[in-house]
Amino acid sequence: MDWRRYKNSTGKFEVDANDIVPAANNQAGSGSLDFILDAMYTYNINDWGINSNVNYKINQNASQYKFGNRLNVSSFLFYSISGAKTTFNPNVGVLYESLKANELNKVNIEDTGGTALLASGGMEINFPKIAFGFNVQLPMTQNFSNQQTATKIRDMAHVTFIF
């Protein structure tokens with residue numbers, strides 16, 4: 001593959017219908033305007049809680065190439081350990097991802113899209129005005145691009161400012 005023909009800046013995207021699968025998944029930007037729908041709910045009973053999140057990304061067509069829409073669903077069970085000004089929330093959970101096939105000129109591209117189910121464990125630390133969190137995600141089952149792409153162990157970290 002000749003990577004020089006693909007621009008490495010956000011919003012630039014060139015399509016080669018004969019070599020689209022590896023190239024499309026490594027683009028810095030798609031040049032499209034996308035929409036994200038997100039819903040989150042947390043339920044607590046005493047020091048225990050469950051946090052669930054559903055996120056759906058709608059990819060709009062920038063030109064002839066369209067990335068598939070993406071669904072992410074997660075649910076985490078956590079336990080709160082409170083200190084004087086700090087709360088620790090160790091957590092375990094599951095995540096599900098589903099990617100629709102990408103399209104070129106409104107035709108599904110073979111070997112794109114797929115699903116994954118991941119197990120996760122982590123910790124969130126809450127202070128009065130800021131929270132820090134991290135987790136490690138381990139794939140349990142997956143099928144991306146007809147087994148051509150594999151999700152390995154991954155991690156996530158966040159900082160949340162509380163106003």
Side-chain angles (χ1 to χ4, degrees), residues 10-11 13 21-22 24-62 65-103 106 108-163:
T10 300
F13 187 74
V21 174
N25 291 323
N26 292 299
Q27 288 293 309
S30 66
S32 70
L33 176 63
D34 304 327
F35 299 94
I36 297 175
L37 305 172
D38 192 65
M40 180 188 302
Y41 186 75
T42 302
Y43 183 75
N44 292 69
I45 298 176
N46 299 321
D47 293 332
W48 290 92
I50 189 164
N51 174 271
S52 297
N53 188 61
V54 176
N55 177 286
Y56 192 73
K57 182 178 178 204
I58 302 167
N59 294 308
Q60 297 299 304
N61 193 0
Y65 191 85
K66 179 181 181 275
F67 286 96
N69 294 345
R70 172 180 282 229
L71 171 70
N72 292 298
V73 179
S74 63
S75 192
F76 289 88
L77 177 68
F78 63 90
Y79 183 77
S80 294
I81 304 166
S82 297
K85 292 187 178 185
T86 307
T87 303
F88 295 89
N89 295 305
N91 59 70
V92 295
V94 293
L95 300 96
Y96 173 76
E97 298 179 354
S98 176
L99 287 71
K100 298 286 184 188
N102 299 343
E103 297 177 1
K106 299 187 180 184
N108 283 356
I109 297 173
E110 190 176 339
D111 298 330
T112 61
T115 60
L117 180 65
L118 301 104
S120 179
M123 172 73 75
E124 185 169 290
I125 305 167
N126 296 295
F127 299 95
K129 296 287 183 186
I130 193 167
F132 301 94
F134 67 91
N135 69 35
V136 175
Q137 303 167 3
L138 306 168
M140 296 181 349
T141 64
Q142 62 181 307
N143 182 7
F144 288 117
S145 303
N146 286 328
Q147 303 294 343
Q148 293 183 46
T149 302
T151 296
K152 296 186 179 184
I153 295 173
R154 59 189 189 186
D155 51 40
M156 186 275 303
H158 75 87
V159 176
T160 304
F161 298 95
I162 304 162
F163 296 100

(message) Please evaluate residues N135 and F76 with respect to the criterion side chain to side chain contact (heavy atoms under 4.5 Å, CB included), reporting the C-alpha separation (whole Å), side-chain torsions for both, the decisive distance (0.1 Å), and the verdict.
(response) CA-CA 11 Å; N135 69 35; F76 289 88; 3.9 Å; yes
(request) Apply the test side chain to side chain contact (heavy atoms under 4.5 Å, CB included) to residues M123 and F134: give CA-CA distance (whole Å), side-chain angles for both, the deciding distance (0.1 Å), then the verdict. (result) CA-CA 6 Å; M123 172 73 75; F134 67 91; 3.5 Å; yes
(message) Walk me through whether F78 and N44 qualify under side chain to side chain contact (heavy atoms under 4.5 Å, CB included).
(response) CA-CA 9 Å; F78 63 90; N44 292 69; 3.8 Å; yes
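The two residues E124 and N91 make their nearest non-hydrogen contact at N-ND2, 4.2 Å. The two residues G68 and N102 make their nearest non-hydrogen contact at N-OD1, 2.8 Å. In terms of heavy atoms, L95 sits closest to S120 at CD1-CB, 3.5 Å. Residue E103 comes nearest to K106 through the heavy atom pair OE1-CA, 3.7 Å, listed as atom of the first residue, atom of the second, then distance. Taking every heavy atom of both residues into account, P128 and K85 meet most closely at CD-O, 3.3 Å.
For the atom pair CD1 of I81 and OG1 of T86, the computed distance is 12.0 Å after rounding to the nearest 0.5 Å. Atoms OG1 and CZ, from T112 and F144 in turn, are 11.5 Å apart once rounded to the nearest 0.5 Å. Taking NZ of K57 as the start and CZ of F35 as the end, the distance is 12.0 Å to the nearest 0.5 Å. Atom CD in E97 sits 9.5 Å away from atom CG in L117 (nearest 0.5 Å).
Around CG of D38, the count of heavy atoms belonging to other residues, nucleotides or ligands within 6.0 Å exceeds 12.
With hydrogens and angles disregarded, a donor-acceptor distance shorter than 3.5 Å links the side chain of N69 to the backbone of N59.
With 3.5 Å as the limit, one finds a donor-acceptor pair spanning the side chains of S80 and N89. Under 3.5 Å, the side chains of T115 and N143 contain no donor-acceptor pair of N or O atoms.
Below 30°, between 30° and 60°, or above 60°: for Y41 and Y43 the angle between ring planes is below 30°, a parallel geometry.
For the side-chain contact (heavy atoms from CB on, under 4.5 Å) with L118, the qualifying choice from V94, L138, T151 is T151, the only one to do so. For the side-chain contact (heavy atoms from CB on, under 4.5 Å) with I130, the qualifying choice from T160, I162, V159 is V159, the only one to do so.
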